[in-house]
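Residue numbering restarts at 1 for every chain, and letters A, B, ... go by the order of the sequence lines. Since we're looking at a predicted model, the values are computed, not measured.
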There are 2 protein chains.
Amino acid sequence: MVELDRCEINCIHDEAVQAVRQALFGEDVAASLAELFKALGDPTRVKILFSLMTRELCVCDLTAVIGVSESAVSHQLKILRTLRLVKFRREGKILYYSLADDHIEKLFAQGLEHVTE
Amino acid sequence: MVELDRCEINCIHDEAVQAVRQALFGEDVAASLAELFKALGDPTRVKILFSLMTRELCVCDLTAVIGVSESAVSHQLKILRTLRLVKFRREGKILYYSLADDHIEKLFAQGLEHVTE
DNA sequence: TGTACATATGAACAGATGTTCATATATGAT
DNA sequence: ATCATATATGAACATCTGTTCATATGTACA
């Protein structure tokens, strides 16, 4: 019962606040969503993911395509892996990365719509 | 003509790299996309946007729903405004915020699919 | 004009983030 | 075993980010 302690009487629309509060997903879901979007919120990772939309690539290829150090790519790949945004298969010494599922492509498509309008 | 200066001969898949490089969108688009996703990549902003999916709300309502200071909400709203993710209308002293367009709902839907699977 | 209220904004500060550098691990070849 | 290569990882560091606190702006009303 943590009620309003600001804007005591005037500004708050009680019913609205109650309704929205109930509809609002939990703290954990909000955190997960934010974590996902945050992972997409970096130019290097955007480029990695977009590159992988074309085809699977090894770390070395990604380095060449994107133009950052191999270490930086590797660090970012770890983040993307942790969030199940990319997966990889091993072939000898080489690791081939690819998108984990097709959500990312849809997210990018939506994002591009917003950005390029 | 900045060619490969690492993994000289062995690892790079030249054709792949060339192809992906051509397909890759420009630096500016990558930056814009990252900026958009970064804006969605914070719990407070996620909650603000999700709240506004239900209905338009004033700053004071948002403060009550989300449970952070009015100043914090206001700062975050500025970021969302700058990226044209939310808009507002004034009614006397009160500002009613709402989602700028329906891209955000689609992005959230996609994001939730990934998170809750 | 002055007061009250809703919201915005700037500065400051703690904590998070991305890169670099050095080093470690894993695989294949000699 | 030793070595070279492809990738991963930890530490360090500079930069960025979100909140708080204090203050400013804008609107309504007396």
- Query: What integer distance in Å separates Lys78(B):NZ from dA6(C):C1'?
  - Reply: 17 Å
- Query: In whole angstroms, how far is the P atom of dT7(D) from the NZ atom of Lys87(A)?
  - Reply: 18 Å
- OP1, OP2 of dA8(C) versus side-chain N and O of Tyr97(B): anything below 4.0 Å? yes
- Query: CD1 of Ile48(A) versus C1' of dG18(C): gap in Å, rounded?
  - Reply: 12 Å
- Item | Residue list, salt bridge (charged side-chain N to carboxylate O under 4.0 Å, His left out) with Glu105(A), at least two apart or on another chain | none
- Query: Which residues satisfy the salt bridge (charged side-chain N to carboxylate O under 4.0 Å, His left out) test with Glu113(B), sequence neighbours excluded?
  - Reply: none
- Among dT9(C), dA6(C), dT7(D), find the nucleotide with the atom closest to the side chain of Arg81(B). dT9(C)
- Item | Nucleotide dA6(D), atom P - distance to CD1 of Ile12(B) in whole Å | 10 Å
- Whole angstrom value for the distance that separates P of dG18(C) from NZ of Lys47(A): 13 Å
- Using whole Å, report how far CZ of Arg89(A) lies from P of dA6(D). 16 Å
- Please, which pairs that meet side chain to side chain donor-acceptor pair (under 3.5 Å) have at least one residue in residues 23-43 of chain A, sequence neighbours excluded? Glu27(A)-Lys47(B)
- Note on the structure: In B/S/- notation (B base, S sugar-phosphate only, - none; protein heavy atoms under 4.0 Å), nucleotides 17-30 of chain D written 5' to 3' is SSSBB-----BS--
- Item | side chain to side chain donor-acceptor pair (under 3.5 Å) partners of residues 49-62 of chain A, not counting sequence neighbours, each pair once | Glu56(A)-Arg89(A), Asp61(A)-His13(B)
- Message: Using only atom types and a distance under 3.5 Å, with no angle test, would you say the side chain of Arg45(B) pairs donor to acceptor with the backbone of Leu77(B)?
- Response: no
- Query: dT7(C) P sits how many Å from Tyr96(B) OH, rounded?
  - Reply: 8 Å
- Separation of atom CG in Leu62(A) from atom C1' in dT19(C), rounded to whole Å: 17 Å
- Identify, with sequence neighbours excluded, every residue that meets side chain to side chain donor-acceptor pair (under 3.5 Å) alongside Arg81(A). Tyr97(A)
